[in-house]
Undergrad: 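Below: one structure in structure tokens.
The figures that follow rest on heavy atoms only: side chains count, while hydrogens, waters and symmetry mates do not. Below, read A as the first sequence line, B as the second, and so on, with proteins coming before strands; counting in each chain starts at 1.
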There are 2 protein chains.
Amino acid sequence: MIDDTVARTQVVEAADQLFYAHGVQAVGMDAVRTAAGVSLKRIYSLFPSKDALVAAVLERRRAQWNAGIAASAARAATVREKILAVFDFLDAWFREADFNGCAFINAYGELHDGNPDVTRTVREQKAAFQRYVADLVRDAGAPEPLAAQIAILAEGAQTTAAIAGTPEAAGQARAAAEVLIDAALA
Amino acid sequence: MIDDTVARTQVVEAADQLFYAHGVQAVGMDAVRTAAGVSLKRIYSLFPSKDALVAAVLERRRAQWNAGIAASAARAATVREKILAVFDFLDAWFREADFNGCAFINAYGELHDGNPDVTRTVREQKAAFQRYVADLVRDAGAPEPLAAQIAILAEGAQTTAAIAGTPEAAGQARAAAEVLIDAALA
DNA sequence: TACGATAGAGAACGGTCGTTCTCAATGCAA
DNA sequence: TTGCATTGAGAACGACCGTTCTCTATCGTA
């Protein structure tokens, strides 16, 4: 038998890919079992319900998002560039073959009604991102309202790129962010 | 028996409200029947399938969006104000009690996988909005890239307001749009 | 080698959904 | 009034889903 940790990772990764590509409700637990190569019994011993699996998938997405943003920011020299690094991260993400919009937004739209945990998780994820941007804006010495504007650009770029099926929204949002930052610091 | 047109309107309005509040997949045709006061047999004589009803609901949303944007723009004196009127429209919408994000984005996230019609409809709706903004930007004599930036702000405001559950994203996006317009015209 | 615990495969169960069908009631034509 | 077409209400059907259960095979241990 494979290790619990390994099995758990396989299940979450398979579920993430399927949920993200097809939507949570469109994917049955049988499909997760087949993709993960882990028996249903095992899956239900690792996660008490499909909702718990969804929560684990969102937690994985949260860690990936934070790591990606941090790595992109680490390549930036100035605070201004760290803010813009958000859009560089988005640009690279939008160009990935399986990009299909923000998993949190998708999950919220699909599940907010019957799953309060999802609503709370998504709301917290977005709030955390806004705090991250707000910290950078403060470090840059710019007025506070800039933070919300940058966050809105990032959200809009994600849905625009997802629906249009093209990545250029990242660059467009980045250009707008540059103008807003410069205006705020002037 | 009530008129076909009246029955159709009742069904679409009831379905719209239920789909928007709870998600399409979470609402059964029985619930639509009860809310609309129209028998299942009648519903299926008006719409060949649930997918067709979803298409009719999205068409209704499209007309409402266009009418709302046009009415808001009609109250504006200058081209610059017509662009900003988009965010005034969003502000009023975000404050409605049942606001729950953009119905097109929600439908896309939930149904894009198994319903290509939805994908096409949503993509076309967003493209039409971008053309609308692009026309205003051209009339204002501003460079073309401003249009995409305004559209991204509008998209981001919708998802931000929906997830946060508060309406202030409209004003924040409007302030950002003002800065971008002024910078583009300078 | 014999045995008991455990795992995987998948059948089974209860529920729900989209769609169709039944059947009694209604309204209209002659 | 009689007969017929049509309607609404809701039962019925087939499919699918989340979850649990059964059964067989396997593995570690003595």
Undergrad: Counting side-chain heavy atoms from C-beta on, which of C:dT19, C:dA9, D:dT19 comes nearest to A:Ser39?
TA: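 Output: C:dA9.
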Undergrad: Starting at CD1 of A:Ile43 and ending at P of D:dC17, how long is that distance when rounded to a whole Å?
TA: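 Distance, rounded to whole Å: 14 Å.
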Undergrad: Hey, does the side-chain of B:Arg33 have a donor or acceptor N/O within less than 3.5 Å of a partner on the base of D:dG10?
TA: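 Such a pair is found, so the answer is yes.
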Undergrad: I'd like to know if B:Lys41 reaches the base of D:dG8 with its side chain such that a donor and an acceptor end up less than 3.5 angstrom apart.
TA: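 In this structure, the two groups form a donor-acceptor pair.
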Undergrad: What is the distance, to the nearest angstrom, from the CG atom on B:Asn115 to the C1' atom on C:dG18?
TA: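 Spelled out: CG on B:Asn115 to C1' on C:dG18 is 14 Å.
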Undergrad: Mind calculating the distance between OH (A:Tyr44) and C1' (C:dT6) to the nearest angstrom?
TA: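 That distance rounds to 20 Å.
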Undergrad: Strictly below 4.0 Å, N to O, side chains only: are A:Arg42 and A:Asp4 in salt-bridge contact?
TA: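 Between A:Asp4 and A:Arg42 there is a salt bridge, with a charged N closer than 4.0 Å to a carboxylate O.
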Undergrad: Specify the separation, in whole Å, of atom CG of A:Leu46 and atom C1' of C:dG8.
TA: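 From A:Leu46 CG to C:dG8 C1': 14 Å.
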Undergrad: Under a 4.0 Å N-O cut-off, is there an ion pair linking B:Glu178 with B:Arg174?
TA: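 Between B:Arg174 and B:Glu178 there is a salt bridge, with a charged N closer than 4.0 Å to a carboxylate O.
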Undergrad: Using whole Å, report how far CG of A:Leu40 lies from C1' of D:dT20.
TA: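 These atoms are roughly 10 Å apart.
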Undergrad: Name the residue from A:Leu136, A:Ile83, A:Val86 that meets the side-chain contact (heavy atoms from CB on, under 4.5 Å) definition with A:Ile150.
TA: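 Filter result, single survivor: A:Ile83.
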Undergrad: Whole Å only: how far is the NZ atom of B:Lys50 from the C1' atom of D:dA15?
TA: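 Rounded to the whole Å, the gap is 15 Å.
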Undergrad: May I have the distance from B:Gln25 (atom CD) to D:dG18 (atom P), rounded to whole angstrom?
TA: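 Value for this atom pair: 11 Å.
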Undergrad: Would you say a side-chain N or O of B:Arg42 is under 4.0 Å from OP1 or OP2 of D:dT7?
TA: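 Checking B:Arg42 against D:dT7: no side-chain N or O falls below 4.0 Å of OP1 or OP2.
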Undergrad: Indicate the ring-plane relationship of B:Trp65 and B:Phe89, choosing parallel, tilted or perpendicular according to the 30° and 60° boundaries.
TA: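 Taking B:Phe89 first and then B:Trp65, their aromatic rings stand perpendicular (interplane angle over 60°).
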Undergrad: Indicate, with a heavy-atom threshold strictly under 4.0 Å, whether B:Val32 touches base, sugar-phosphate, or nothing.
TA: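 Nothing, no heavy atom under 4.0 Å.
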Undergrad: From C-beta outward on B:Met29, which listed nucleotide comes closest to its side chain: C:dA11, C:dG18, D:dG10?
TA: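 Minimum distance to the B:Met29 side chain belongs to C:dG18.
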